[in-house]
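Everything on this sheet refers to the single structure shown next.
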Amino acid sequence: MKTDEVVSIIDKHQGQGDGLISVLEEIQSKYSYLPTDALKLVAERTGRSPVDVYGVATFYKSFSLKPRGKHLCSVCLGTACHVRSGQIIAQEFERQLEVKAGETTPDHEFTLETVACLGACALGPIVVVDGHYFSKVNTAKVRSILKRARRGLDKVEIKTDRRIFPVAVSCPRCNHSLMDPAHPLDDAPSVRVTATFDGQHGWLRLSSLYGSPTLESKHDIPVDTVVDFFCPHCHAELRGASSCPECGAPMVAMIVRAGGIVQICARRGCKGHMLDLNGGGF
Amino acid sequence: MITLAINRLPVAVEEGETLLEAARFLGFPIPTLCHMDGLSPYGACRLCVVEIGEGPKARLVSSCTYPAQEGLKVRTASARVLRARKMILELLLASCPQSKIIQDLASAHRVSQQRFRQEHEDCILCGLCVRMCEQQMMAKAIGFRGRGETRSIGTPFDMKSEQCRLCGGCIYVCPACQLRCTYTEPDKAICGGCANLSPPCVEKEQFDDMMCYMNPCVACEIEKD
Ligand code: SF4
Ligand code: SF4
Ligand code: SF4
Ligand code: FES
């Protein structure tokens, strides 16, 4: 841990009037865990007592006080995944990695954790590795998931990705289609969601051409605003499990009809996105 | 002023006063465990339940945290309240049977059986020590950690706290165990012989899970580590 790095994270968030959790989140994403000295520094610089900082850091399951592995493997045990034998999949991961859930392998390659609902119930059982969704997982797929993670799950980025093709998407929670054929964008049915930012709320249409930045919305969204996306049918937030590889904002997750999950960056103007298609063995 | 009726007796109290304070003003006894004058209400033990409202809308609330409301009808000893209170005591007794305070409360409320497995917890998470430390000792040396099953009390990182002023306030208020700090003067212990023949800290291998956060301990002078 470098003191000046942590200090600059703290100062940045303090300047923005952010709370403790945002500070801890950024420290964690930088070091993969919350080092003791960093927590002490946070308490010191924000004028909070160490008890409060420690209390918050130990309260939330997403914070870890122990170093985590290179790859984070989250097995969903929410109700929908549980009834589709998520527990057995978690056990299979435990068996193959030879660690219990919540632990890190001795070689610091993998951290295994179980989570309660990743918001993609329709595709359960879900496993998320390094921000990539694996849907309808069964025990036979566990080995190849781990193998792919070891090789590195490549991130598809717009800079290198010139593929333009239409995708049909639906809500990961209720599985309703988000396609709106009545309002085409880029000559293809648009993707309709509800968007909220700065207290404004209204419809938003995205191009269904993968990689195309075309979009229309009820309110003008200034560039760089981080928007919350919701399903217009079940009103669940379309929040992905990872943050944008480009800018760090939260990702918006949607199910691809053909199988798999697409994630796009919630920041207006940012082109970060990831695609996990259920082809090639998945 | 707010007027409400407690056990059909009208009483007027200042705005912001709790049902517990109003009931005590009238002299109705309500047992409490996690409440202490001078500390903020916390509502952890639920022992102070009372019944408010009427008919199908009647419900149980913790009187130490519920603010008095105009026209509210409160019953402090209805059959439903007594039943709930007995159950809470039985559960408390199961989790911490060695506590003299809980034993006394249980016997005062005629809880004579105990159907649950005894856990011998050394903390019932009443939060008295945390509030004592923060609100009266102005130290904030200890606090809650974790949540759910793994919730516990202690210093950050389980390390010696720089904020702790070794006042012993935390041990003094702890209802889970009162014997431990009579160690240098064992005869001062009034009771508790049923469960604790010697201070728990000398019998236990580790101090960590004793509810004594002082380091070094100035109450008994037993070396830690
Ligand atoms: S002894 Fe230390 S931890 Fe206990 S109340 Fe006093 S200051 Fe707080
Ligand atoms: S240590 Fe004692 S006073 Fe503190 S929360 Fe636990 S039971 Fe209550
Ligand atoms: S070490 Fe702590 S618990 Fe033990 S007798 Fe001393 S003050 Fe009490
Ligand atoms: S005294 Fe009211 S909940 Fe404990």
Side-chain angles (χ1 to χ4, degrees), chain A residues 1 3 6 10 19-21 23-25 27-28 31 33-68 74 76-79 82 87 90 99-104 111-117, chain B residues 34 39-44 121-174 207-215:
Chain A
M1 185 202 99
T3 308
V6 177
I10 300 170
L20 180 56
I21 291 180
V23 179
L24 297 185
E25 266 180 342
I27 296 177
Q28 162 130 335
Y31 300 106
Y33 76 113
L34 297 172
T36 304
D37 293 331
L39 287 179
K40 287 188 175 157
L41 207 62
V42 170
E44 211 176 283
R45 276 194 88 81
T46 60
R48 288 186 173 84
S49 73
V51 164
D52 291 341
V53 177
Y54 189 72
V56 170
T58 54
F59 186 86
Y60 293 100
K61 232 183 158 176
S62 57
F63 292 132
S64 168
L65 297 184
K66 284 190 266 158
R68 295 222 246 188
S74 319
C76 183
L77 290 186
T79 318
H82 196 108
Q87 191 71 50
V99 291
K100 289 257 161 289
E103 293 175 357
T104 302
T111 294
L112 180 64
E113 62 170 28
T114 57
V115 290
C117 198
Chain B
C34 71
L39 302 181
S40 61
Y42 185 59
E121 301 282 359
D122 39 32
C123 174
I124 54 166
L125 296 173
C126 70
L128 274 174
C129 54
V130 174
R131 283 174 287 151
M132 184 69 165
C133 186
E134 176 183 353
Q135 295 165 12
Q136 291 295 333
M137 301 310 167
M138 309 298 167
K140 248 190 162 192
I142 50 176
F144 286 99
R145 299 104 43 101
R147 79 172 152 176
E149 242 190 356
T150 58
R151 196 154 163 86
S152 68
I153 306 256
T155 53
F157 314 105
D158 278 320
M159 285 193 254
K160 176 176 175 164
S161 163
E162 281 158 30
Q163 277 80 26
C164 175
R165 36 179 64 173
L166 304 179
C167 65
C170 49
I171 326 173
Y172 176 72
V173 293
C174 179
F207 284 107
D208 300 356
D209 46 356
M210 301 316 306
M211 299 299 113
C212 166
Y213 306 105
M214 294 194 285
N215 186 2

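Per chain, numbering begins at 1; letters A, B, ... match sequence-line order. Worth knowing before you read on, the calculation uses all heavy atoms, side chains too, and leaves out hydrogens, waters and symmetry mates.
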Please classify the contact between B/F157 and chain A as side chain, backbone, both or neither, with a heavy-atom cut-off of under 4.5 Å. both
Present all donor-acceptor pairs from chain A to chain B with distances below 3.5 Å, rounded to 0.1 Å.
{"unit_1": "A/D52", "atom_1": "OD1", "unit_2": "B/K140", "atom_2": "NZ", "d": "3.1"}
{"unit_1": "A/D52", "atom_1": "OD2", "unit_2": "B/K140", "atom_2": "NZ", "d": "2.4"}
{"unit_1": "A/T58", "atom_1": "OG1", "unit_2": "B/G146", "atom_2": "N", "d": "2.8"}
{"unit_1": "A/F59", "atom_1": "O", "unit_2": "B/R147", "atom_2": "NE", "d": "3.1"}

Kindly write out the residues that satisfy side-chain contact (heavy atoms from CB on, under 4.5 Å) with B/C133, not counting sequence neighbours, or none if the list is empty. B/A139, B/A141, B/I142
